[in-house]
Amino acid sequence: MGQVIQVTSNKKLFGIIVPIISVLLGLIVGAIIMIASGHNPIDGYKALWNGAFYDAFTIGETIRRITPLILTGLAIAFAFRTGLFNIGAEGQVIVGWLAAVWVGLSIDAPMVIHLPLAVLAGAIAGGLWGFIPGLLKAKIGVHEVIVTIMMNYIAMFVSNEIVRSVLTENSTTTDRIASTASLGSEWLQSLTFYSRMHYGFLIALFAAIIMWFIIERTTLGYELKAVGFNKHASKYAGMNVNKNIILSMVISGAFAGLAGVMEGLGTYGNVSVISGFTNLGFDGIAVALLGANNPLGVVLAAILFGVLKEGAGEMPSAGVPTELVDIIIAIIIFFVASSYIIRWALQRVKKEGK
Amino acid sequence: ACGGDNDNSSDNSNNSNNESNGDTDSKEGTENAGDFKVGMVTDLGGVDDKSFNQSAWEGLVSFGEQNGLTEGEGYSYEQSNAKEDYVPNLTRLIRNHYDLIYGIGFELKEDLTTIAEQNKDVHFGMVDEVVDLPNVASITFKEHQGSFLVGVAAALKTKTNKLGFVGGLDSPLINKFEAGFVAGAKSVNPDIEVEVQYAESFGDPAKGKLIAANMYDNDVDVIYHASGGTGNGVFNQAKDIKQNDPDREIWVIGVDRDQHEEGQVGDQNVTLTSMIKRVDVAVESVSTMSLNGEFPGGEQLEFGIEEDGIGFATTNSDAMTEDIINTVNEWKDKILNGEVTVPATRDELKAFEESL
Amino acid sequence: MLHILDSIIPTVLFFSAPLIFTALGGVFSERSGVVNIGLEGLMVIGAFTGIVFNLTFADVFGAWTPWISLVAAMIAGAIFSIIHAVASVSFYADQTVSGVAINMLALGLGIYLTKIWYGKGQTDMVAEPFNSTTIPFLSKIPIIGPIFFDGVYITSYIAIIFAFIAWYVLYKTTFGLRLRAVGEHPMAADTNGINVSRMRYIAVIISGALGGLGGSVFALTIVSNFSHSTIVGQGFMALAAVIFGKWHPLGAMGAALFFGFAQSLSIVSSGIPVLGDIPQIYLLIAPYVLTILALAGFIGRAEAPKASGVPYIKGSR
Amino acid sequence: MEYVIEMLNIRKEFPGIVANDNITVQLKKGEIHALLGENGAGKSTLMNVLFGLYQPEAGEIRVKGETVKITNPNIANNLGIGMVHQHFMLVEPFTVTQNIILGSEPKGKFGSINLKKAEREIQEISDRYGLKVDPSAKISDISVGMQQRVEILKTLYRGAEVLIFDEPTAVLTPQEIKELIEIMRSLVKEGKSIILITHKLKEIMEVCDRCTVIRKGKGIGTVEVKDTNPDELASLMVGREVNFKTEKQPANPKGVVLHIKDLCVQDVRKVDLVKGLDLEVRAGEIVGIAGVDGNGQTELIEAITGLRKSRSGKIQLKEKDITNLSPRNVTKSGLGHIPQDRHKYGLVLDYPIGANIVLQTYYQKPYSKASVLNYKAIYKKAKEIIDEYDVRTPSEYTPARALSGGNQQKAIIGREIDRSPDLLIAAQPTRGLDVGAIEFIHNKLIEERDKGKAILLVSFELDEIMNVSDRIAVMFDGKIVANLKPEETNEQELGLLMAGSTINGAGDSSDIK
Ligand SMILES: Nc1ncnc2c1ncn2[C@@H]1O[C@H](COP(=O)(O)OP(=O)(O)OP(=O)(O)O)[C@@H](O)[C@H]1O
Ligand SMILES: Nc1ncnc2c1ncn2[C@@H]1O[C@H](COP(=O)(O)OP(=O)(O)OP(=O)(O)O)[C@@H](O)[C@H]1O
Ligand SMILES: [Mg+2]
Ligand SMILES: [Mg+2]
């Protein structure tokens, strides 16, 4: 028994230590790369820091950047927990964005009705975009990876078309949404020197709690995880496997749709024709995996990710190309994924110590 | 007035942002602008996009050098890697007390508007879009005029009477290119057909190549592209055909700047001409106005042929023969003296075609 | 009709070739039990290497440059993929995570180095890209000749030949038998004396080489330079082809050709009078909708190699 | 005496457990040596050490007197050691031939495989030892018995002199067991030596020369089989007396609980495997279904439990028609099911054992309220069942995967019985379990019967059927062909019935051949 308890407490400890070590290693490798390419890593990192935390404005922008990443991270993590790989968060973001703005533009209502309605529209649109691959997976067994990839492109083209021919008269950007549908806040903006920070971060954090609650506390979460682990046993136990697969994709899509809502009702207040993907969905994959597919992990990973990405904007002032940050993030992910080797090394060190 | 020659040199001069070459350059400066600071925020293309970001930056560099400014301090740019970078980039310049800030490209309109509303004491230049604020000078171009001229050139060059137009995103801006081009071609010969396709992307060379392959296969012999990186595929396809069949007469018309270089294949060149948008001229002139205290705030400056803001390239002298240049110039004069009003939208184009 | 084929087939071939190469790489990797969503990143490395090599050595190698560039890209892809192999085979990393990291790292590194070396976000155009050719004799065959052998890229045919070679290797050789065994039941392979780790390393490195090849073929036949927008999503399309093709080399090739065909068709259609009246949006989404329909309609359920995605830890149960 | 294999003082640890603690086994040339021990005693571990899959922490291995280090299976193969694993090591989508030659393929041109040569060699070996296989069949399409023969062929193909069989008979039908025993005998005759792990003492008595007993990781000793008897072996292994003949009072059947009428069920390939079957099970009786694997038992159970649609016919549970209801509704109607394949159906291996205890009831009170789980109640129940059914696990939070097969089975049985269903279907409930565990489970089934529950037992073990059932229904070709009382029949008769003969003479036997 004693043995077991020790193992689990070790597990918790490693759960904290491994990411920290990984981040440090990532930064060290980043420094080495900077030195190798003739830059001063101290200047580089100072710039990175300033880019993310220089003043209230940058902090506000950093939070703004983190917000949708939390949601796409949750979306992908949620699907993963059910054994599904949702590469389609990207498309779900796009349709969520579009739907939220659509409602934001076309309805006239007081804020208490308008804003929730617009938010909901985005979540539903994202959910719908997840429903299709979920349905095909459940009923016909079509691999969700292909369908979600295809749905991304469809989302982009359809959204562009709707912006152009439904929401505007052949223009590339819609009007601003009514203020009754906006997540923006004078107060937050005045606090952060007109950054685009908006109340969406509360939605994102709330979504993380929701996901935690669904997955860990509800019978639905129990079923979803069971289906992810073992379809046959789930069927034996009387669960509706197909329903769970579809539901999982729908919920996942709804989270991603909410990420689009953040952009549509918060950051931009409109929707534009896009010529390429937002990358929110793809970055969400990294966030989810870095966060070990659990809600708290996703929030932390999104923070790390957002801070580094936002900070990167300042790095050229030290002469360092912004892409250094991508390299650093990739290396952090590698080390987290290869935590086995870090554990192994730590255990070695511990043993030697004794 | 074709900008083709200064492109090559500027490619090299602005290409390193880590080692500032401002020190040596500033000595050449004739006057000193004191602590005047001017910056620009690129859209997703970046200052080396061989397109209007690059052109704008060349304008700033030229302005800076002439006024003894240092790169990175007196004049600089902020590169955007994603849509969400626009605001932080604009703000970074404001925080560093820039006096004049350009937003390059229509995508920045919304964000620049917001920031300009919040910073009424800072001057802004909005390139390619119109922002109606007292502290913003809107700089737009009459791309349809330039497109009209290259349309004329294409019509003179084509042997099959079939032309192609490849657009990036189907948007009012790119429609302007389309309308001008079609109008120009049909003005020369109303029987000319123009095949129009949009790739729905400025960065999909594979699609560009597919579209070009299809067009050239359908006897189109001149393609005008207004599609950024997608155009790479168009050039690629034209060059490939040329390489295999050097005698086949097929052409590409470049956009924004002289794309002669892109058309080189062996000792031949498939770039017939390019529609040149002198963002550099515009940026430089607005900067100068601002330095001299004549900032055209709240105004919409439309750079066209007249303002020397739009032109066409004649670098490929083998293809752009004297005759063609002369005819194009005749049409240019007609535009200048108001004899021809070039359509800028599809609706205007329809009317224009009916009037032919 | 013939004319349409005549114009579609060559475009299908050049569009599909990079996908075929990369998807074959994916097949090797996944058949050995290592999920590889890093295909996109491997293509990026290939495109980057192919272009940089071409730019640097065009003067040295002349007309041979594109070919040697491909080899360089294959080597670079192979080396780069070792990272994925080390993480997912030796360090038991979650293979999806490692693949995501590969994608980020490749793009970051490619652009970073481009900026350091060229001082700008994109390279110049290469002087020695691939050009299409007309294959002597074959192109003279009536009907088929002009459609299949006139104005095509040799690389397209190499891709198809590679698919058959891959099929042979996977299904007819001892190496292939072992590789597939490792992907289905690594412990069984282990008890039969097969070195599971080594097989997986080899498979991942092959996928790196083929992904690098795919990326460089894309860059050298279609784009001619390298920038952040050179490879955007092709790797994921290749991944889709792997699954669409049911993890079979010829299936993956078929899927890649299908994608190319759907794309070409949507472009050609807008020139055909009857179809030209269809609103543009339907043509734009047609390739993707067609893929989903094809999957739902005829292809249906596909089972991945059983052990794919699962690190093999000796002695675990 | 010369030993072919000596494992001396072997110690093997896993995190938190010593699986082998100073065990010594010595194998003589030409003998069949049994390895006996409870579930989790460490038998498989010891053999995996010998086969090079695990490295021992201490101890020595000698092959023909020479000390060797076996660091991987390749070395074991080269030393002439072959192993047939407890869980088969076969690549399902591959053919028999491909599985056999994998890793030592005869080479052809261009790196290809010389299949002709391979098939010839396999044919030779298979003729020599009477191991019938279909070389071109896919593993997924052949019977378990043939799969086992493939495993044996694999070792022989590699020239094994010493064969390790890890619980080979657990998954075989009686007929197949008979064949396997013949095969082992012929192997020994050819000079091979065999280590046999089995829980069936009868088999040890029948074929083995000596037997080494392991208890809780420790070597207890080696005995000559001819000098011992099953009772002694059992008590050596468990450390107490074991009662083989299940004690039970005569049944007292009441009303009909399960009533099946004219049931037809198809398998995946849309072939009828249950063909108009009629069956009744009453409250307070155990009905054992005897039959050779593949006569529709699996399909019958799946149809009753709702896992598979039936094509026609009617299934009634007490008063309720449960034909083609969903598994959830069937369960709710009062059915418990101990599935044949515990890993596939019985457990979510990645869930804690505690979470598995509520696999069918998680949505009910008190385990959840308004869809919110109540972990306290869940784990309280889990603890109860773990205690009552003697499930050996570090805690109720341990993942089910970490438990030994026997303990996993006990947890499943505990879960199913605890719900107190009117009808309990027990499919192969004791497969792979040690005698102690079997005794325990049989007693539990009888206890339930005595509480007035109906029990349907499906087993390929005639012993088990004879011992536990109150009534035996013989299933052949998708139908119940006979209803018998265990006291009034014997194994011979059952065997004949299961093979398709009718009770009185050769009436139907003509169309069965
Ligand atoms: N890979 C492993 N990691 C950790 N523990 C293990 C591992 N393999 C076996 N064990 C543990 O070692 C002990 C011995 O297991 P082993 O499989 O050798 O038992 P066994 O005697 O073969 O039992 P059975 O009759 O059920 O097959 C058990 O407690 C088991 O849980
Ligand atoms: N607080 C708790 N108390 C008791 N049992 C719990 C508790 N939390 C979770 N469980 C049980 O453990 C199961 C697995 O939960 P757990 O969160 O450990 O899963 P996991 O897949 O390991 O999650 P994670 O990714 O967060 O590590 C749950 O489904 C539940 O049955
Ligand atoms: Mg065992
Ligand atoms: Mg066991």
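Proteins get letters first, then strands, A, B, ... in listed order; numbering begins at 1 in each.
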A.B. asks: Which bit of B/E78 comes within less than 4.5 Å of chain A, counting heavy atoms only: side chain, backbone, both or neither?
C.D. replies: side chain
A.B. asks: Any side-chain heavy atom of B/S171 within less than 4.5 Å of one from A/V273?
C.D. replies: no
A.B. asks: Would you call A/K309-B/E84 a salt bridge at under 4.0 Å N-O?
C.D. replies: no
A.B. asks: Check whether any side-chain heavy atom of A/N270 sits under 4.5 Å from a side-chain heavy atom of B/E110, and report yes or no.
C.D. replies: yes
A.B. asks: If I compare all heavy atoms of A/S272 with all of B/K83, which pair ends up nearest, and what's the gap?
C.D. replies: OG-NZ, 3.5 Å
A.B. asks: Do you see a donor-acceptor pair shorter than 3.5 Å between the side chains of A/N170 and B/D170?
C.D. replies: no
A.B. asks: Less than 4.5 Å to any heavy atom of chain B: does that hold for the side chain of A/T322, its backbone, both, or neither?
C.D. replies: side chain
A.B. asks: Does A/D55 offer a backbone N or O that forms a donor-acceptor pair with the side chain of B/R95 under 3.5 Å?
C.D. replies: no
A.B. asks: With heavy-atom distances below 4.5 Å as the criterion, would you say the side chains of B/E200 and A/S275 are in contact?
C.D. replies: no
A.B. asks: At what distance, to the nearest 0.5 angstrom, does CD of B/E129 lie from OG1 of A/T173?
C.D. replies: 7.5 Å
A.B. asks: Counting only heavy atoms from other residues, nucleotides and ligands, does the tally under 6.0 Å from OH of A/Y199 exceed 12?
C.D. replies: yes
A.B. asks: Specify which of B/T91, B/D85, B/N81 makes the most heavy-atom pairs with chain A at under 4.5 Å.
C.D. replies: B/T91
A.B. asks: Crowded around A/I35 CD1? As in, over 12 foreign heavy atoms under 6.0 Å?
C.D. replies: yes
A.B. asks: May I ask you to test the A/F57-B/V87 pair for a side-chain heavy-atom distance under 4.5 Å?
C.D. replies: yes
A.B. asks: So what's closer than 4.5 Å to chain B heavy atoms on A/E263: side chain, backbone, both or neither?
C.D. replies: side chain
A.B. asks: So what's closer than 4.5 Å to chain A heavy atoms on B/S76: side chain, backbone, both or neither?
C.D. replies: neither
A.B. asks: When rounded to the nearest 0.5 angstrom, what distance separates CG in A/N160 from CG in B/L169?
C.D. replies: 6.0 Å
A.B. asks: Quick one: pull up OG in B/S201 and CZ in A/F277 and give me the separation to the nearest 0.5 Å.
C.D. replies: 10.0 Å
A.B. asks: Using a cut-off of under 4.5 Å for heavy-atom pairs, which of B/T230, B/D111, B/N89 has the most such pairs with chain A?
C.D. replies: B/D111
A.B. asks: Does some side-chain heavy atom of B/P88 sit less than 4.5 Å from a side-chain heavy atom of A/R196?
C.D. replies: yes
